[in-house]
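From a predicted model like this one, the values you see are computed outputs, not experimental measurements. Note that the numbering runs from 1 along the sequence shown for the chain.
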Amino acid sequence: YSDSVTGCAGGYQIKTESGENYDTYVMPKAFTKKLKLPVDVWIRFERIVQTGGCSSFTQRINIKTIRKR
């Protein structure tokens, strides 16, 4: 978890196998318990289109489902 100075980024940081990095503020309840990180997971997500001063931050996502591999 990472705090952001700007408020446009930060939250839980997710790195994909292809090396892309995404941020999300909300994790499903099963993944808010203390886990030994990093954790390999499968996720379904949608991108969040940010507006205003945050429009250049394109790596924000909303996680629909997540499960351990």
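- Considering only heavy atoms from C-beta on, I43 comes within 4.5 Å of I14 through its side chain.
- Once rounded to the nearest 0.5 Å, the distance linking OH of Y12 with CD1 of I66 reads 10.5 Å.
- Counted by atom type alone, D23 and Q59 present zero donor-acceptor pairs between their side chains at under 3.5 Å.
- Using a distance-only test at 3.5 Å, with no hydrogens or angles considered, a donor-acceptor pair links the side chain of T16 to the main chain of E20.
- Both tests hold for R60 against Y25: distance to the six-membered ring centre under 6.0 Å, angle to the ring axis within 45°.
- Put simply, the side chain of Q50 never gets that close to the backbone of S55: no donor and acceptor are under 3.5 Å apart.
- Hydrophobic clustering of Ile, Leu, Val, Met, Phe, Trp and Tyr side chains at less than 4.5 Å, counting indirect connections, keeps V49 apart from Y22.
- Side chain of T24 to main chain of I61: a donor-acceptor pair is present (N/O by atom type, distance under 3.5 Å, no hydrogens or angles).
- Listed by chain and residue number, nothing satisfies the salt bridge (Lys or Arg N to Asp or Glu O under 4.0 Å) test with K15 (two or more places apart in sequence, or in another chain).
- No side-chain donor-acceptor contact under 3.5 Å links R69 to the backbone of W42.
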